[in-house]
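These notes concern the structure reproduced below.
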Amino acid sequence: MGTIHLSPGSIGFSKGSDRSGQLRAGFRKTIGRMTVNAFHLIWNVLVDYQRRYEMRCRLRTMDDRQLRDIGITRREAKRAADKTFRLF
């Protein structure tokens, strides 16, 4: 948030607003980029968790030969498939 400068008869803001109270175009673009970047970050996290969930579901359906091919036991596959949702 910008610093407020007071002068007789007017109020001005050093960042983000002109005297009329309207956002400057550059500030608006910055906020727009931050919003888009935040949306992309959230979207990518959700897509990543969806992929992990699908892989865990596939682990549950693999037979012993397929599990041996990827180098894990049935017990390890069950443990991985039963993991709970963790944000971090």
Pairing residues for Arg58 by the salt bridge (Lys or Arg N to Asp or Glu O under 4.0 Å) criterion, not counting sequence neighbours:
none

ILVMFWY clustering at 4.5 Å (side-chain atoms), partners of Leu59:
Met62, Leu67, Ile70, Ile72

Pairwise salt bridge (charged side-chain N to carboxylate O under 4.0 Å, His left out) hits with a residue in residues 39-51, at least two apart
Asp48-Arg52

List in chain and number order the residues that pass salt bridge (Lys or Arg N to Asp or Glu O under 4.0 Å) with Arg75, two or more places apart in sequence or in another chain; answer none if no residue qualifies.
none

If you take all heavy atoms of Gly71 and Glu76, which pair is closest and at what distance?
O-OE1, 4.3 Å

Asp82 meets the salt bridge (Lys or Arg N to Asp or Glu O under 4.0 Å) criterion, sequence neighbours left out, with Arg60, Lys78

Set of residues satisfying side-chain hydrogen bond (donor to acceptor under 3.5 Å, both in side chains) with respect to Asp69, sequence neighbours excluded
Arg65

Non-neighbouring partners of Arg74 that pass side-chain hydrogen bond (donor to acceptor under 3.5 Å, both in side chains), sequence neighbours left out:
Asp64

Sorted by chain and residue number, the salt bridge (Lys or Arg N to Asp or Glu O under 4.0 Å) partners of Arg79 (sequence neighbours excluded) come out as none

